[in-house]
Amino acid sequence: MISRIEQDHSRFREIIRGKIRQNLRKYISRGDLIAPKGQGSVTIPMPQINIPRFVFGDNSGQGVGQGEGEAGDPIGGNPKDGQSGSGKSGEGEGAKALEVEVSLEELAEIMGEELGLPNIQRRGTQSLETKKDRYVGLRNTGPESLRSFKATFKRALRRQVAMGTYDPRRPVIVPIREDRRYRSWRTDPRPQSNAVIIYMMDVSGSMGDEQKEMVRIESFWIDTWLRSQYKGLESRYIIHDATARVVEREVFFRTRESGGTMISSAYKVCSELIDAEFNPEQWNIYAFHFSDGDNWSVDDTATCIGLLKNQLLPRLNQFGYGQVESPYGSGQFIKDLRAAFNKHPLLVTSEIKTKEDIMDSIREFLKGGR
């Protein structure tokens, strides 16, 4: 039987899920739900939820409190008697906001339901194994830290009863060495699907703070969804202007250069990173590149297309290119990719003109279930 309080809590959680779904586009576009690094949950303000409370009826008939006087008159005397408060009252109803904590796993589930995202079709599940220790029984020897008090006590009690030394009026149980029992464990290998996301971003002078904020928001939601699909998820970050390098996450979102743009430099570093750390037979590899569409030359764009065809796409689950609109970017690169790959199943492109487009971009990137 489910207790009444569990039923009420479950019903309340469904209300919360409904409110998040209802306002998901707003939360995504404003970045309200981005969790601090290392935390597995976010706190969401819910001003739309009315907290249940008691209210007074009109008492139009007989009842307690009926008699002379008008609504609003103070109880127990004239308002002029005594001293009144010195402060001024405010106007209108006060703002009400309920903060609700939601785990990232639940957040990913809500996003998947709202965007209609399929579960990921993993690969490499038989190549990687993790080891899990679990307790499977008891044994006569072992470290004292694993001694089972309950099993030892029961063994000593049975021994004393069998020997006739147990006195119910003075129930003292004294275990001896032969009574001690220790928990035993077994190490089980478990297949695990590991994944890595390689983020690449143009940090040249044409990419401003607004464009980087859009990349930050979108990458958080991509991370959130893929972490719900894989037990092990690594992230790598590559920034580039005319040259590219691997950096930490904090550097990825804060760096801004003033040089030109050579996109092929990022694709070369991405390929080298896969060669060095991530065997495609063992890893599910995702690459996402964000840029404003400017590139150094037509020749470098041709180099990028060659790298994608010959080195990256054959080893990736998916490559996503997100083009953020910038007043200084030409926006040409996405056109060149679409012309070269013509709806290639592993290459997905998306245009992100404003923060309102982030949700549609996420759906476009993840709807394939790869």
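Because only heavy atoms are used, hydrogens play no part in the values below, and waters and symmetry mates are left out as well, while side chains stay in.
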Check: Hey, is the main chain of Ile176 close enough, under 3.5 Å, to the side chain of Asp179 for a donor-acceptor pair?
Finding: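 The answer is yes, because a donor-acceptor pair under 3.5 Å joins these two groups.
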
Next item on the list: Compute the centroid of each ring, for Tyr321 and then for Phe288, and state whether the two points are separated by less than 6.0 Å.
Entry: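 No, ring centres 6.0 Å or more apart.
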
State whether a side-chain donor-acceptor pair under 3.5 Å links [X] with [Y].
X      : Y      : answer
Thr303 : Ser264 : no
Gln311 : Ser271 : yes
Ser291 : Gln323 : no
Ser206 : Asp292 : yes

Checklist line | Option from Lys335, His344, Arg338 for which side-chain hydrogen bond (donor to acceptor under 3.5 Å, both in side chains) with Thr349 holds | finding: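 That would be Arg338.
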
Notebook entry, point to check: Of Asp241, Thr261, Asp294, which meets side-chain hydrogen bond (donor to acceptor under 3.5 Å, both in side chains) against Ser204?
Noted result: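 With Ser204 as partner, Asp241, Thr261, Asp294 yield a single side-chain hydrogen bond (donor to acceptor under 3.5 Å, both in side chains), made by Thr261.
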
Item checked: Within 6.0 angstrom of Lys212 NZ, more than 12 heavy atoms from elsewhere ->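 Yes, enclosed.
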
Next item on the list: Step through the shown structure and confirm whether more than 12 heavy atoms of other residues, nucleotides or ligands are within 6.0 Å of CZ on Arg169.
Entry: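 No, CZ of Arg169 has 12 or fewer neighbouring heavy atoms, counting only those of other groups under 6.0 Å.
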
Check: Below 4.5 Å, heavy atoms only, C-beta onward: do Ile198 and Ile274 meet side chain to side chain?
Finding: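 Yes, at least one pair of side-chain atoms sits under 4.5 Å.
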
Next item on the list: State plainly whether one hydrophobic cluster holds both Leu146 and Leu138, where clusters connect Ile, Leu, Val, Met, Phe, Trp and Tyr through side-chain heavy atoms under 4.5 angstrom apart.
Entry: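 Shared cluster, no.
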
Checklist line | N-O pairing of Arg363 and Asp360 below 4.0 Å | finding: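 Between Asp360 and Arg363 there is a salt bridge, with a charged N closer than 4.0 Å to a carboxylate O.
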
Check: Taking all non-hydrogen atoms of both residues, which atom of Phe253 and which atom of Ser219 are closest, and how far apart?
Finding: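 Looks like CZ-OG, 3.3 Å.
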
Note to self: Students often mix this up, so state it plainly: with edges at 30° and 60°, are the rings of His289 and Phe319 parallel, tilted or perpendicular?
What the structure shows: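 Answer is tilted, since the angle falls between 30° and 60°.
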
Note to self: For Asn140 and Arg180: C-alpha separation, side-chain torsions, deciding distance, then whether side-chain hydrogen bond (donor to acceptor under 3.5 Å, both in side chains) applies.
What the structure shows: CA-CA 6 Å; Asn140 297 333; Arg180 296 179 184 177; over 6 Å; no

Notebook entry, point to check: Other than Val172, which residues form its hydrophobic cluster under the rule that side-chain heavy atoms must be closer than 4.5 Å?
Noted result: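 The other cluster members (ILVMFWY side chains, heavy atoms under 4.5 Å, direct or chained) are Val174.
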
Note to self: Evaluate Met214 against Ile217 for side chain to side chain contact (heavy atoms under 4.5 Å, CB included), listing each step before the verdict.
What the structure shows: CA-CA 5 Å; Met214 288 190 284; Ile217 294 172; 5.9 Å; no

